[in-house]
Amino acid sequence: QVQLVESGGGLVQAGGSLRLSCTISGRIFDINAMGWYRQAPGQQRELVAAATSGGSTNYADSVKGRFTISRDNAKNWVYLQMNSLKPEDTAVYYCNVHGSPYRNYGVQYDYWGQGTQVTVSS
């Protein structure tokens with residue numbers, strides 16, 4: 001089984017920082033991209049940050065300059081450093097991975113973690 005486990009969420013005051021971590025284990029190969037999504041109450045899930053195997057990154061406009069995504073390819077871990085947090089950042093954050101169930105399979109699938117709650121107070 002493929003398992004993604006997020007950690008690092010919690011309650012923090014506005015202006016504070018958190019670092020989210022995601023560990024990936026199980027039968028997954030040829031990881032092409034890893035990223036973080038979030039979903040606030042009553043809102044659609046949205047992309048926060050993503051990192052590809054080629055080294056490129058992209059961020060939602062709302063978090064540029066405040067959040068940084070990084071990855072450890074050898075360990076299949078991905079991180080999200082969140083600085084200058086705002087109440088608007090309050091959401092459940094999900095780890096997402098594009099990979100394949102078999103090596104050299106050629107088709108990528110989405111794998112998701114269970115999410116970790118981030119709450120930013122005023």
Side-chain angles (χ1 to χ4, degrees):
Q1 65 182 40
V2 175
Q3 184 170 250
L4 281 64
V5 180
E6 302 99 333
S7 62
L11 176 64
V12 65
Q13 291 184 317
S17 298
L18 287 172
R19 190 175 86 136
L20 306 183
S21 299
C22 176
T23 63
I24 301 96
S25 62
R27 191 178 179 86
I28 185 168
F29 303 93
D30 302 333
I31 294 174
N32 180 257
M34 309 174 77
W36 292 92
Y37 288 71
R38 68 185 181 187
Q39 187 168 19
Q43 302 294 318
Q44 282 282 341
R45 188 174 299 185
E46 65 174 349
L47 176 67
V48 177
T52 71
S53 60
S56 65
T57 59
N58 65 283
Y59 298 89
D61 288 341
S62 60
V63 307
K64 286 181 178 178
R66 300 188 298 119
F67 292 9
T68 303
I69 188 171
S70 60
R71 58 187 295 184
D72 185 330
N73 290 330
K75 297 180 179 180
N76 282 346
W77 292 357
V78 61
Y79 309 92
L80 185 68
Q81 179 66 46
M82 305 185 293
N83 298 326
S84 302
L85 283 162
K86 305 175 181 179
E88 304 93 275
D89 297 318
T90 296
V92 177
Y93 284 71
Y94 297 90
C95 181
N96 170 257
V97 175
H98 292 280
S100 299
Y102 306 98
R103 186 173 287 106
N104 300 319
Y105 186 67
V107 179
Q108 298 281 302
Y109 296 92
D110 282 320
Y111 299 88
W112 296 90
Q114 293 296 310
T116 184
Q117 177 70 48
V118 172
T119 302
V120 184
S121 62
S122 300

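As the structure is a prediction and not an experimental result, all values here were calculated from the model. Heads up: numbering here begins at 1 and tracks the sequence.
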Is there a path of hydrophobic side-chain contacts, each under 4.5 Å between heavy atoms of I, L, V, M, F, W or Y residues, that connects [X] with [Y]?
X	Y	value
Leu4	Ile31	yes
Leu20	Tyr59	yes
Val118	Tyr94	no
Ile69	Leu85	yes
Leu18	Val48	yes

Considering only NZ, NE, NH1 and NH2 on the basic side and carboxylate oxygens on the acidic side, decide whether Asp61 and Lys64 come within less than 4.0 Å.
yes
Is Arg71 reaching over with its side chain to a backbone N or O of Gly35, donor-acceptor style, under 3.5 angstrom?
no
Side-chain donor/acceptor of Glu6 to backbone N/O of Cys22, under 3.5 Å
no
Considering residues, nucleotides and ligands other than Gln114, do more than 12 of their heavy atoms fall under 6.0 Å from its CD?
no
Could you grab the distance from atom [atom1] of [X] to atom [atom2] of [Y], nearest 0.5 Å is fine?
X	Y	atom1	atom2	value
Leu80	Trp36	CG	CH2	6.5 Å
Ser62	Glu88	OG	CD	9.0 Å
Asn76	Thr23	CG	OG1	10.0 Å

With a 4.5 Å limit on heavy-atom distance, are the side chains of [X] and [Y] in contact?
X	Y	value
Arg45	Trp112	yes
Ser17	Gln81	yes
Thr90	Gln117	yes
Met34	Ile24	yes
Leu47	Asn58	yes

Could I get the full list of salt bridge (Lys or Arg N to Asp or Glu O under 4.0 Å) partners for Glu46, not counting sequence neighbours?
Arg38
Restricting to side chain to side chain contact (heavy atoms under 4.5 Å, CB included), what partner residues turn up for Ser84, sequence neighbours left out?
Arg66
Measure across Ala14 and Pro87 and return the closest heavy-atom pair with its distance rounded to 0.1 Å.
CB-CD, 4.2 Å
What orientation do Tyr93 and Phe67 show, parallel under 30°, tilted 30 to 60°, or perpendicular over 60°?
tilted
Which donor-acceptor pairs under 3.5 Å do the side chains of residues 97-111 make with protein atoms, sequence neighbours left out?
residue: His98; atom: ND1; partner: Asp110; partner atom: OD1; Å: 2.7
residue: His98; atom: NE2; partner: Asp110; partner atom: OD1; Å: 3.3
residue: Ser100; atom: OG; partner: Val107; partner atom: O; Å: 2.5
residue: Ser100; atom: OG; partner: Gln108; partner atom: NE2; Å: 3.3
residue: Gln108; atom: OE1; partner: Gly99; partner atom: N; Å: 3.2
residue: Gln108; atom: NE2; partner: Asp30; partner atom: O; Å: 3.1

